[in-house]
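Only one structure is covered here, and it is reproduced in the block below.
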Amino acid sequence: MKKSLVVLPAMLLLLAACGGQVSNGSPDSGSAPDSEESESVLGSESVPDSESVPDSESVPDSESVSDSGSTSTSEEETGLLAKYDLSDQVRTPYSTGSVKYEVGAFATFLKTKLVAGGTEKLASSSGETNIYAAEQSGDITYGPQFNGIKVGKSGGAAAVTLTFDAGTQITRVVLGCAGWASPNTDTIAINGGAAVTPTQGGAAATVEAVSIELASASNVLAFAFTNRIVINYISVYTAE
């Protein structure tokens, strides 16, 4: 009996030792190293790669947007065929008499005043009526005082036809101008279209951009002016 009692505690001790080894295996099942590897995948959010986002933001490329924005400035002049700047024409006071452009001479003069536009396509002018050179066309008391040429006279209309190369499709004309008196009643019409009255007029008048859309595209511009208009520039536009 004493031997069996001794053996029993020894067996219990042996079983307890074996049970302790089984519980020590639990760290393998916890797989903490594996969970750390999954954290490294989160770490493969790759801060360096995410830092490369500024490259993807491509600041230089976004700056190119401002470049494309600059095209909007050029787009403001889209379709500009020619601009004739008459701002160097100093209108001197009357003395011995005004000088009118002869028939066919106005186009020759305008060609020397081309300052902007793609191709010069003005071919000729005709029907010049009361189109005055700047010299001796001024008045220190009446009419606009800015530089340019005067068309028309008191009680007399003015006219001129500008012909551009065949196939030129002009759709719009802008005249920098003003009428003679204030309030102004002098008008401008092109190709028989509706007459347009500049809002500016008189000695205090400034250059006003008067835009006239043609009823149909044409290579011929037949201007008709009632009484007196002073023109500082002429811009001609096509559909393109």
Side-chain angles (χ1 to χ4, degrees), residues 71-87 89 100-132 144 146-153 156-180 183-201 205-240:
T71 60
S72 64
T73 303
S74 63
E75 287 175 1
E76 291 176 1
E77 293 300 315
T78 298
L80 179 65
L81 175 67
K83 179 177 181 179
Y84 304 97
D85 186 358
L86 309 177
S87 63
Q89 299 298 291
K100 299 178 183 180
Y101 284 97
E102 296 180 355
V103 173
F106 191 55
T108 301
F109 163 71
L110 280 184
K111 286 181 179 182
T112 67
K113 301 304 173 186
L114 178 69
V115 296
T119 304
E120 173 55 69
K121 294 187 177 183
L122 178 57
S124 64
S125 62
S126 60
E128 283 90 334
T129 303
N130 295 328
I131 307 296
Y132 293 92
F146 56 77
N147 289 351
I149 65 165
K150 180 175 77 82
V151 299
K153 64 180 182 178
V160 64
T161 297
L162 302 179
T163 301
F164 291 76
D165 292 345
T168 306
Q169 297 294 294
I170 298 169
T171 58
R172 182 168 67 101
V173 177
V174 177
L175 293 147
C177 63
W180 191 259
N184 176 54
T185 58
D186 302 327
T187 65
I188 309 163
I190 302 177
N191 293 354
V196 177
T197 305
T199 60
Q200 295 272 345
T206 58
V207 178
E208 176 187 355
V210 177
S211 181
I212 301 175
E213 299 282 345
L214 303 188
S216 59
S218 176
N219 69 311
V220 177
L221 300 175
F223 291 88
F225 305 92
T226 60
N227 296 337
R228 293 166 289 188
I229 299 282
V230 176
I231 303 172
N232 179 265
Y233 67 83
I234 302 171
S235 293
V236 180
Y237 294 83
T238 61
E240 298 179 356

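In what follows, every heavy atom counts, from backbone to side chain, and hydrogens, waters and symmetry copies are set aside.
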Inter-residue atom distance [X].[atom1] - [Y].[atom2], 0.5 Å rounding:
X      : Y      : atom1 : atom2 : answer
Trp180 : Asp186 : CH2   : CG    : 9.5 Å
Ile170 : Lys121 : CD1   : NZ    : 9.5 Å
Leu80  : Arg172 : CG    : CZ    : 9.0 Å

My understanding is that only residues two or more places apart in sequence, or in another chain, count here; which of them pass side-chain contact (heavy atoms from CB on, under 4.5 Å) with Ala107?
Leu122, Ser125
Within the 4.5 Å heavy-atom criterion, are [X] and [Y] side-chain neighbours or not?
X      : Y      : value
Lys100 : Phe106 : no
Val173 : Leu221 : yes
Val160 : Tyr101 : no
Leu214 : Ile190 : yes
Ile229 : Val151 : yes
Ile188 : Pro198 : yes
Arg228 : Lys150 : yes
Phe223 : Thr161 : no

Shortest non-hydrogen contact from [X] toward [Y]:
X      : Y      : result
Asn130 : Ala157 : ND2-O, 2.7 Å
Thr78  : Tyr237 : O-CD2, 4.0 Å
Gly193 : Ala189 : O-CB, 3.6 Å
Thr171 : Glu213 : O-OE1, 3.5 Å
Pro144 : Gly179 : CG-O, 3.1 Å
Ile149 : Tyr132 : CB-O, 3.6 Å

Please check: side-chain N/O of [X] versus main-chain N/O of [Y], any donor-acceptor pairing under 3.5 Å?
X      : Y      : value
Ser87  : Asp85  : no
Asn191 : Ala222 : yes
Thr226 : Thr187 : yes
Glu128 : Gly104 : yes
Asn219 : Gln169 : no
Glu120 : Leu114 : no

Working note: Leu86 + Asn232, criterion side-chain contact (heavy atoms from CB on, under 4.5 Å); need CA distance, chi angles, decisive distance, verdict.
CA-CA 5 Å; Leu86 309 177; Asn232 179 265; 5.7 Å; no
Taking the six-membered ring of Tyr84 as reference, does the NZ or CZ atom of Lys113 fall below 6.0 Å from its centre and within a 45° cone about the axis?
no
Residue list, ring-ring contact (aromatic ring centres under 6.0 Å, His included) with Phe164, at least two apart or on another chain
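Phe164 satisfies ring-ring contact (aromatic ring centres under 6.0 Å, His included) with no other residue.
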Begin with the C-alpha distance, continue with both residues' side-chain angles, and end with the deciding distance and a verdict on side-chain contact (heavy atoms from CB on, under 4.5 Å) for Thr197 and Asn184.
CA-CA 7 Å; Thr197 305; Asn184 176 54; 3.5 Å; yes
Between Thr199 and Glu208, is there a side-chain donor-acceptor contact under 3.5 Å, judged purely by atom types and distance?
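A pair is found: one side chain offers a donor N or O, the other an acceptor, under 3.5 Å apart.
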